[in-house]
Protein chains: 2
Amino acid sequence: MAQRKTLQGNACPVARSVDVMGDRWALLIVRDAFDGLRRFGEFQRSLGMAKNILADRLRKLVAQGILETSPGADGSAYQDYALTAKGQALFPVIVGLRQWGEQNLFAPGEPHSVLKERSSGAPVPALVVRAQDGRALAPVMTWVEKLPGSTDST
Amino acid sequence: MAQRKTLQGNACPVARSVDVMGDRWALLIVRDAFDGLRRFGEFQRSLGMAKNILADRLRKLVAQGILETSPGADGSAYQDYALTAKGQALFPVIVGLRQWGEQNLFAPGEPHSVLKERSSGAPVPALVVRAQDGRALAPVMTWVEKLPGSTDST
DNA sequence: CCGTATCCATTCCGATACTG
DNA sequence: CAGTATCGGAATGGATACGG
């Protein structure tokens with residue numbers, strides 16, 4: 001009865017995105033993946049979450065094509081988890097949340113973490129760029145052409 | 001025991017934002033508020049959600065300073081809900097989710113809704129701008145100066 | 001070290017009935 | 001119309017214990 005209402009099939013792209021990413025952990029896992037985290041244990045320590053639900057979220061993110069597994073960069077028999085192109089495309093969302101939080105959820109002068117520099121040599125290029133000097137990445141609005149296939153309302 | 005772990009106090013701005021906005025409905029309510037929705041019933045019809053949890057979410061969003069109530073623009077004795085400046089600052093996040101959804105959650109050519117034009121004359125200026133011609137708003141990355149009070153790591 | 005499985009409490013959410 | 005009250009089912013999340 002109290003079936004959870006799926007928002008897929010909804011005509012609004014925001015609704016579909018929320019359906020996929022709108023939970024407590026998905027976005028934080030993706031954030032950590034942008035920071036270069038790859039291993040189960042790294043995510044688990046970083047997020048301090050129970051292993052069973054981490055496993056569940058990783059599975060869902062892989063099923064959604066946001067993360068993909070590879071056979072373990074070091075010798076270990078286990079998986080590495082890395083962002084796909086679809087996952088990397090979430091970068092503006094992460095940055096948007098980061099900046100909103102910085103500007104609205106911190107007391108003036110209260111210290112906060114910054115975008116982390118990649119530790120290994122893998123993809124995620126957008127983030128690496130920041131490292132050398134003190135500048136940070138910010139989303140701004142710009143004009144683009146109308147997108148095809150649009151209908152109206154909600 | 002299974003106390004929900006609060007992410008406030010976390011040094012990462014993304015975590016704090018997720019703690020506030022990372023649930024199924026908060027972002028969709030804010031999206032509707034950007035579309036000009038103001039009344040309880042409007043949100044309820046638009047989102048198709050149960051009235052009790054809508055009431056709960058509206059209360060929490062007001063408590064967070066994201067929405068604010070005013071005594072009802074028409075005669076009615078009830079509340080209007082409108083975005084505060086803090087709520088309007090979520091605009092890049094909404095747009096980011098929208099675009100990610102458009103590009104990654106829709107089949108090629110599948111129709112989707114577009115940003116709705118404001119119906120009344122209230123604030124939310126950023127969205128109104130779009131109406132006249134066919135252009136849409138998109139987030140892009142740009143460089144900004146280093147933000148003050150930053151420490152390191154997640 | 002990487003997960004899976006089990007258990008349990010809490011929270012979420014939908015349906016409905018009810019009040020003013 | 002704008003909520004509140006209550007209910008029950010489902011999902012979430014934490015704490016282990018366990019096996020590869």
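The sequence lines fix the lettering, A, B, ..., with proteins before strands; numbering per chain opens at 1. Computed from a predicted structure; not experimentally measured.
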By side-chain contact (heavy atoms from CB on, under 4.5 Å), which residues pair with [X], not counting sequence neighbours?
X	answer
B:A55	B:F40, B:R59
B:A26	B:M21, B:D23, B:L61
A:A89	B:W100, B:N104

Where the side chain of A:R39 is defined as all heavy atoms beyond and including C-beta, which of D:dA15, C:dC2, C:dG3 is the nearest nucleotide?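 When the side chain of A:R39 is considered, C:dC2 is the closest of D:dA15, C:dC2, C:dG3.
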Nearest whole angstrom, please: distance from the [atom2] of [N] to the [atom1] of [X].
X	N	atom1	atom2	value
A:L47	D:dG13	CG	C1'	13 Å
A:M49	C:dG3	CE	P	14 Å
A:I53	C:dT11	CD1	C1'	13 Å
B:K60	C:dT11	NZ	P	9 Å
A:R38	C:dC2	CZ	P	14 Å
B:Y78	C:dT19	OH	P	15 Å
A:L7	D:dA11	CG	P	14 Å
B:D80	D:dC1	CG	P	14 Å

Across the strands shown, which category fits A:R57 at heavy-atom distances under 4.0 angstrom: base, sugar-phosphate, nothing? sugar-phosphate
Assign A:Y81 to base, sugar-phosphate, or nothing according to its heavy-atom contacts below 4.0 angstrom with the strands shown. sugar-phosphate
Verify, without hydrogens or angle tests, whether [X] (side chain) and [Y] (backbone) share a donor-acceptor contact under 3.5 angstrom.
X	Y	result
A:Q99	A:G96	no
A:T84	A:G65	yes
A:R16	A:N10	yes

Can you tabulate the close N/O pairs, meaning under 3.5 Å, that link protein atoms to atoms of nucleotides 4-6 of chain C?
{"unit_1": "C:dT4", "atom_1": "OP2", "unit_2": "A:R59", "atom_2": "NH2", "d": "3.4"}
{"unit_1": "C:dT6", "atom_1": "O4", "unit_2": "A:N52", "atom_2": "ND2", "d": "2.9"}

Mapping A:D23 and B:G41 to their closest nucleotides on DNA chain D, which lands nearer the 5' end? B:G41
For A:R45, enumerate each residue passing the salt bridge (charged side-chain N to carboxylate O under 4.0 Å, His left out) test, keeping only those at least two apart in sequence or located in another chain.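 Per chain and number, A:R45 pairs via salt bridge (charged side-chain N to carboxylate O under 4.0 Å, His left out) with no residue.
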Output all residues satisfying salt bridge (charged side-chain N to carboxylate O under 4.0 Å, His left out) with B:K60, sequence neighbours left out; order by chain, then residue number. B:D56
Between B:E102 and B:R98, does a salt bridge (Lys or Arg N to Asp or Glu O under 4.0 Å) hold up when you go through it step by step? CA-CA 6 Å; B:E102 286 173 349; B:R98 159 171 290 276; 3.5 Å; yes
Base-pairing string, 5' to 3', of DNA chain C - Watson-Crick or wobble, under 3.5 Å, | interstrand: |.||||||||||||||||||
Would you tell me if any nitrogen or oxygen in the side chain of B:R24 comes within less than 4.0 Å of OP1 or OP2 on C:dC12? no
